[in-house]
A.B. asks: 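Have a look at this one before I ask anything.
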Amino acid sequence: MSEVTAKPRKTITAVLKKKLQQEANSMCPFCGNSEPGTWEFHHIDSDRGNSTYENMIMVCGGCHNRITKGELSEADVRLKKTMIMWELNSARKKTSTSRKIKAENLALGNTGCKIEQNVYIGHMPPPRVKAAPDSIGANAKARNYANYLARKLCEYRMKGKIFSTEEERKHAQKDYMAAIWKKVKKDFEVTSYTAISMENCEELFQHFKTLIDKTKQGKMNKGRGIKSYFLFEEYDG
């Protein structure tokens, strides 16, 4: 962790403390303790003058000691904060998600038929776009292999991370996968990896393999002569 010049502690307002307690659901996000002797409000970047919501997290006294001792790194705490904020945003989105309502309308005229309609309140669902014939999206094996490499990269990046619950691990996995595909879209300048042409599929595969090899687990495997992934020819998924 880089050294931070000590700054005067900025007062943590009662409103901010309440907000931090609500986001944590009155439980320590690391150990799940809901009845600690005292709650501690930790500055993630160790800058006591930076008392913003994004830089603060509420933890129990025991876990705060683990953080100050370095047993929980700044990266661990920041990841936890990111996951908490992601969960809150996901909960908010669920309440505003478009609701699909089935309505039965009786057709007028001489048909006398009953017609079932799907009525959407809010946003219309996005239209399904058929993959181009020469794209990865139209080739099942290439599509599945790209997903296999992305999952392998996610698995290696999460190696060694500690999660309090299975739900927490799943949320972290979603975040890692989202970041992986976001980089693909940026690097290949596409809205979806399935739009990449089969002509460039090897470039996409190599993109994943390079990132896998750069992970700690990938380097360990290479040093031991262990394969980190199947080749496209070997893959049968």
Side-chain angles (χ1 to χ4, degrees), residues 1-98 122-123 150 153-154 156-187 191 211 214-216:
M1 188 188 299
S2 57
E3 215 172 283
V4 178
T5 305
K7 294 183 181 180
R9 182 185 291 275
K10 186 176 179 181
T11 304
I12 305 170
T13 65
V15 173
L16 178 55
K17 286 182 179 180
K18 183 178 180 181
K19 186 176 181 180
L20 293 169
Q21 187 169 1
Q22 287 175 336
E23 80 164 4
N25 199 23
S26 296
M27 288 193 303
C28 176
F30 290 100
C31 68
N33 190 352
S34 59
E35 296 181 356
T38 179
W39 287 116
E40 302 284 349
F41 296 91
H42 176 67
H43 294 79
I44 299 174
D45 64 359
S46 301
D47 179 359
R48 294 180 299 173
N50 184 13
S51 297
T52 59
Y53 165 67
E54 292 77 9
N55 190 52
M56 301 292 300
I57 189 169
M58 188 187 80
V59 294
C60 70
C63 287
H64 195 230
N65 285 336
R66 292 173 63 200
I67 294 170
T68 54
K69 288 178 182 177
E71 293 176 16
L72 290 170
S73 68
E74 180 181 326
D76 292 328
V77 180
R78 196 168 292 285
L79 175 62
K80 180 69 70 174
K81 177 70 176 185
T82 300
M83 288 170 58
I84 293 172
M85 293 174 67
W86 182 87
E87 287 174 0
L88 285 173
N89 288 333
S90 295
R92 291 192 189 106
K93 285 178 182 178
K94 281 180 182 177
T95 60
S96 60
T97 300
S98 304
H123 301 290
L153 175 59
C154 178
Y156 279 17
R157 283 182 172 175
M158 290 178 67
K159 210 92 172 174
K161 298 291 182 184
I162 300 172
F163 304 102
S164 303
T165 63
E166 177 62 15
E167 192 67 22
E168 182 184 313
R169 187 196 67 77
K170 287 180 179 179
H171 283 317
Q173 186 180 46
K174 286 181 181 179
D175 284 345
Y176 275 102
M177 288 298 292
I180 287 168
W181 289 121
K182 183 177 181 181
K183 180 167 176 57
V184 167
K185 288 191 282 188
K186 180 182 177 183
D187 291 353
T191 55
L211 292 176
K214 285 181 178 179
T215 63
K216 186 177 179 179

A.B. asks: If you look only at pairs with a residue in residues 53-67, which of them pass as a salt bridge (charged side-chain N to carboxylate O under 4.0 Å, His left out), with sequence neighbours excluded?
C.D. replies: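 Non-adjacent pairs meeting salt bridge (charged side-chain N to carboxylate O under 4.0 Å, His left out): Arg66-Glu71.
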A.B. asks: How would you list, by chain and number, every residue that makes a side-chain hydrogen bond (donor to acceptor under 3.5 Å, both in side chains) with Thr52, sequence neighbours excluded?
C.D. replies: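 If we apply the side-chain hydrogen bond (donor to acceptor under 3.5 Å, both in side chains) test to Thr52, skipping adjacent residues, the hits are Asn50.
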A.B. asks: Taking all atoms of both residues into account, what is the closest heavy-atom pair of Pro29 and Ile57, and its distance?
C.D. replies: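 Closest approach of Pro29 to Ile57, heavy atoms only: CG-CD1, 4.0 Å.
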A.B. asks: Supply the atom-to-atom distance Lys161 NZ to Leu79 CG, rounded to the nearest 0.5 angstrom.
C.D. replies: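 One finds 6.0 Å between NZ of Lys161 and CG of Leu79.
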A.B. asks: Taking side-chain hydrogen bond (donor to acceptor under 3.5 Å, both in side chains) as the test, write out the residues that go with Tyr156, two or more places apart.
C.D. replies: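 Tyr156 satisfies side-chain hydrogen bond (donor to acceptor under 3.5 Å, both in side chains) with Asn221 only.
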A.B. asks: Would you call Leu20 and Leu16 a side-chain contact if the rule is heavy atoms closer than 4.5 Å?
C.D. replies: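 Of all side-chain heavy-atom pairs linking Leu16 with Leu20, at least one is under 4.5 Å.
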A.B. asks: Backbone N or O of His64 within a donor-acceptor pair of the Thr68 side chain at under 3.5 Å?
C.D. replies: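 Judged by distance alone, yes, a pair lies under 3.5 Å.
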A.B. asks: Residues in side-chain hydrogen bond (donor to acceptor under 3.5 Å, both in side chains) with Asn65, at least two apart?
C.D. replies: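 Counting only residues at least two positions away or on another chain, Asn65 forms no side-chain hydrogen bond (donor to acceptor under 3.5 Å, both in side chains).
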A.B. asks: Using the test side chain to side chain contact (heavy atoms under 4.5 Å, CB included), find all partners of Ser26 that sit at least two apart in sequence or belong to another chain.
C.D. replies: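 With neighbours one apart ignored, the set is Gln21.
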A.B. asks: So how far is it from Met58 CE to Lys19 NZ, rounded to the nearest 0.5 Å?
C.D. replies: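 Answer rounded to 0.5 Å: 14.5 Å.
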A.B. asks: Within the structure provided, determine whether Met158 and Phe163 are in side-chain contact (heavy-atom separation under 4.5 Å).
C.D. replies: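 Yes, their side chains come closer than 4.5 Å.
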A.B. asks: For Lys17, which residues count as a side chain to side chain contact (heavy atoms under 4.5 Å, CB included) partner, sequence neighbours excluded?
C.D. replies: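 Testing Lys17 for side chain to side chain contact (heavy atoms under 4.5 Å, CB included), a comparison that skips the adjacent residues, returns Ile12, Phe41.
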A.B. asks: Residues in salt bridge (Lys or Arg N to Asp or Glu O under 4.0 Å) with Asp187, at least two apart?
C.D. replies: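 For Asp187, the residues satisfying salt bridge (Lys or Arg N to Asp or Glu O under 4.0 Å) (neighbours in sequence not counted) are Lys183.
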A.B. asks: Hey, mind stepping through Met56 and His43 against side chain to side chain contact (heavy atoms under 4.5 Å, CB included) and telling me if it holds?
C.D. replies: CA-CA 5 Å; Met56 301 292 300; His43 294 79; 3.3 Å; yes
A.B. asks: Mind listing the closest non-hydrogen atom pair of Met27 and Gly32 along with its distance?
C.D. replies: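 Taking Met27 first and Gly32 second, the nearest heavy atoms are SD-O, 3.9 Å.
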A.B. asks: What residues form a side chain to side chain contact (heavy atoms under 4.5 Å, CB included) with Lys159, not counting sequence neighbours?
C.D. replies: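 Partners of Lys159 under the side chain to side chain contact (heavy atoms under 4.5 Å, CB included) test: Glu155, Gln217.
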A.B. asks: Less than 4.5 Å apart, any side-chain heavy atom of Ile162 and any of Phe30?
C.D. replies: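 Of all side-chain heavy-atom pairs linking Phe30 with Ile162, none is under 4.5 Å.
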A.B. asks: Indicate the atoms forming the closest heavy-atom contact of Arg157 with Thr215, along with that distance.
C.D. replies: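 Scanning both residues, the minimum pair turns out to be CG-CG2, 4.1 Å.
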A.B. asks: Any salt bridge between Arg169 and Glu166, counting N to O under 4.0 Å?
C.D. replies: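 Yes, this pair counts.
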A.B. asks: Going through the distances and angles, do Leu153 and Met177 end up as a side chain to side chain contact (heavy atoms under 4.5 Å, CB included)?
C.D. replies: CA-CA 9 Å; Leu153 175 59; Met177 288 298 292; over 6 Å; no
A.B. asks: Determine yes or no for a side-chain-to-main-chain donor-acceptor pair under 3.5 angstrom, with Asp175 supplying the side chain and Ala172 the backbone.
C.D. replies: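 A pair under 3.5 Å: no.
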A.B. asks: Considering only heavy atoms from C-beta outward, does the side chain of Asn55 approach that of Arg78 to under 4.5 Å?
C.D. replies: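 When only atoms from C-beta onward are counted, Arg78 and Asn55 do touch, with a gap below 4.5 Å.
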A.B. asks: Please check if the side chain of Asp45 supplies one atom and the backbone of Asp47 the other of a donor-acceptor pair under 3.5 Å.
C.D. replies: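 A pair under 3.5 Å: yes.
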A.B. asks: Can you name the nearest heavy-atom pair linking Val59 to Cys63, along with the distance?
C.D. replies: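 Looking at all heavy atoms of both residues, the shortest contact is CB-CB, 4.4 Å.
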A.B. asks: Examine Lys81 relative to Tyr53 and say whether NZ or CZ is less than 6.0 Å from the centre of the six-membered ring and inside a 45° cone about the ring axis.
C.D. replies: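 Yes.
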A.B. asks: Run the side-chain hydrogen bond (donor to acceptor under 3.5 Å, both in side chains) test against Lys18 and tell me which residues pass, sequence neighbours left out.
C.D. replies: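 Testing Lys18 for side-chain hydrogen bond (donor to acceptor under 3.5 Å, both in side chains), a comparison that skips the adjacent residues, returns none.
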A.B. asks: With salt bridge (charged side-chain N to carboxylate O under 4.0 Å, His left out) as the rule and sequence neighbours excluded, what pairs involving residues 26-44 come up?
C.D. replies: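 Sorted pair list comes back empty.
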A.B. asks: Under the side chain to side chain contact (heavy atoms under 4.5 Å, CB included) test, which residues partner Pro36, sequence neighbours left out?
C.D. replies: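 Residues passing side chain to side chain contact (heavy atoms under 4.5 Å, CB included) with Pro36: Asn33, Trp39, Cys60.
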